[in-house]
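Heads up, the thing below is written out as structure tokens.
Along the sequence shown, residues are numbered consecutively beginning with 1.
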Amino acid sequence: MAEVINLITIEEGATISTINGATAEVVSNPKDGVWVFVKYLTSPEDPDLVGTEDMVFAQDIAEVLAGE
């Protein structure tokens, strides 16, 4: 079983990895435990995402890499 990630504790500026292999910086966290807003740093499956911002749901986050 994968480690449970508590989105409420993730701070702005933290770096996360997603289940599709992308990395992203958290730019905003509504602290609702459901999603965070991120700016993509890398995205092997879709390079056009790099530099864009989007929301990422809890189930799509694989790991907090830094800054939790």
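Here Val27 pairs with Phe37, Lys39, Glu53 under the side-chain contact (heavy atoms from CB on, under 4.5 Å) rule; sequence neighbours left out.
Separation of atoms CG (Leu49) and OG1 (Thr18) is listed at 9.0 Å; rounding is to 0.5 Å. To the nearest 0.5 angstrom, Tyr40 atom OH is 12.5 Å from Asp48 atom CG.
Looking only at distances, a side-chain donor or acceptor of Thr42 sits under 3.5 Å from a matching main-chain atom of Thr23.
The two residues Thr9 and Asn6 make their nearest non-hydrogen contact at OG1-O, 2.8 Å. The two residues Ala22 and Ser43 come nearest to each other via the heavy atoms CB-CA, 4.0 Å. Nearest heavy atoms, Ile10 versus Asn29: O-ND2, 2.7 Å.
Residue Ile5 is grouped with residue Val26 when hydrophobic side chains (ILVMFWY) are merged at heavy-atom distances under 4.5 angstrom, including chains of intermediate members.
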Got a list of side-chain donor-acceptor pairs under 3.5 Å for residues 56-64, not counting sequence neighbours?
none

